[in-house]
Amino acid sequence: MKVFLQIFIILLLFNCRQKVTLKDIRLQSTVIEYKQPKISDIQSIEKINGGIKYYNNVDIRLSKEYFPEIEKYEFEQPIIYHRDTANLDTQISYFFTKNDSIIRLIEYSWDQDQKKELFIDKLYRLNKSNIAKELKMDGSEKTEQVDYWWQKIIRWDNNNLHIYSFVFGIDEGQRTRVIVRFK
């Protein structure tokens, strides 16, 4: 009987939590690496940013859209971290080549959580603004509308890196990504 009472109290506490609203989701910029880190730096980078290593049994491959010279390299499975930043679940994937362990691409990703207020469009704009400030250049943005879905894609290029970001949506944004590819 005592166990049932404890379970009931725990369930009651979870049900009494306040609904998360957009004002509770403090949109803040995720720390984006603009200088190519070494694979040995990942753990300290993620420790500073509250990252938790994620183990995945799914085979993850890069697309030609993310990495146009994909056929020149053999990639190992990415090292993946999750950061719970101000109610936003941020996933960071570090893609590196198998033979030399050089990090060639980092993907930062966010998906709309059905339990929260819509925030993806605002996050895309925040990332776009912060990247433009960091690189001291505006990116080249285009919008695409296909049947019932849409996406915006923006790109920046300089001597050291190529950054590609997009937001995908149906009505509101559903997911956004920032892809940093080192040259």
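The residues of the chain are indexed from 1 along the displayed sequence.
Surrounding CG of Asp59 are more than 12 heavy atoms belonging to other residues, nucleotides or ligands, all under 6.0 Å away. When the shell of 6.0 Å around CD1 of Ile52 is examined, it contains 12 or fewer heavy atoms from other residues, nucleotides or ligands. Within a 6.0 Å sphere centred on CG of Asp171, other residues, nucleotides and ligands contribute 12 heavy atoms or fewer.
Counting only heavy atoms from C-beta outward, the side chains of Glu69 and Arg104 never approach each other to under 4.5 Å. Within the 4.5 Å cutoff, no side-chain heavy atoms of Ile102 are placed close to those of Ile39. At a threshold of 4.5 Å between non-hydrogen side-chain atoms, the residues Pro68 and Arg181 count as touching. Counting only heavy atoms from C-beta outward, the side chains of Glu107 and Val178 never approach each other to under 4.5 Å.
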Inset, instruction - Run the numbers on Ile32 and Tyr34 for side-chain contact (heavy atoms from CB on, under 4.5 Å), then give the verdict. - result: CA-CA 6 Å; Ile32 293 176; Tyr34 295 98; 3.9 Å; yes
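In the hydrophobic clustering (ILVMFWY side chains linked at under 4.5 Å, chained through shared members), Ile60 is joined by Tyr54, Leu62, Tyr66, Phe67, Ile70, Tyr73, Phe75, Ile80, Phe95, Leu105, Val146, Tyr148, Trp149, Ile153, Tyr164, Phe166, Phe168, Ile170, Ile179.
In this structure, the separation between CG on Leu123 and CG on Leu118 is 12.5 Å, given to the nearest 0.5 Å. With rounding to the nearest 0.5 angstrom, the OG1 atom of Thr97 is 13.0 Å from the NZ atom of Lys72. Note: Asp100 CG to Glu76 CD = 11.5 Å, rounded to the nearest 0.5 Å. Put simply, OG on Ser109 and CG on Asp111 are 6.0 Å apart, with the number rounded to the nearest 0.5 Å. Here the straight-line distance linking atom CD of Glu33 with atom CD1 of Ile42 works out to 9.5 Å at 0.5 Å rounding. If you take CD on Glu172 and NZ on Lys122, they are separated by 12.5 Å, rounding to the nearest 0.5 Å.
For Pro37 against Phe182, the heavy-atom pair with the smallest separation is CD-CZ, 3.8 Å. The two atoms that bring Arg83 and Tyr94 nearest to each other are NH2-OH, 3.9 Å, heavy atoms only. Residues Gln145 and Trp150 come closest through the heavy atom pair OE1-CB, 3.4 Å.
With hydrogens and angles ignored, the 3.5 Å screen pairs a side-chain donor or acceptor of Asp41 with a backbone N or O of Lys38. Judged by distance alone, with hydrogens and angles left aside, the side-chain atoms of Asn49 form a donor-acceptor pair with the main-chain N or O of Ile45 at under 3.5 Å. Using modelled atom types, one side-chain atom of Gln36 and one backbone atom of Ile103 make a donor-acceptor pair closer than 3.5 Å. At least one donor-acceptor pair closer than 3.5 Å links the side chain of Ser165 to the backbone N or O of Arg177. Counting only distance, with no hydrogens or angles, the side chain of Asp121 and the backbone of Gly173 share a donor-acceptor pair below 3.5 Å. Proximity of a side-chain donor or acceptor of Gln91 to a complementary backbone N or O of Tyr108 within less than 3.5 Å is not detected.
Side chains of Thr90 and Trp110: a donor-acceptor N/O pair is present below 3.5 angstrom, by distance only. Side chains of Arg155 and Ser140: a donor-acceptor N/O pair is absent below 3.5 angstrom, by distance only. Using modelled atom types, one finds no donor on one side chain facing an acceptor on the other under 3.5 Å when comparing Asn99 with Glu74.
No salt bridge links Lys53 with Glu46; every basic N to acidic carboxylate O contact stays at or beyond 4.0 Å. Salt bridge Glu71/Lys64: present, at least one basic N to carboxylate O contact under 4.0 Å.
Listed by first and then second residue, the salt bridge (Lys or Arg N to Asp or Glu O under 4.0 Å) pairs involving residues 129-147 are Lys128-Glu141 (not counting sequence neighbours).
Looking at residues two or more places apart in sequence or on another chain, you find a salt bridge (Lys or Arg N to Asp or Glu O under 4.0 Å) between Asp157 and Lys183.
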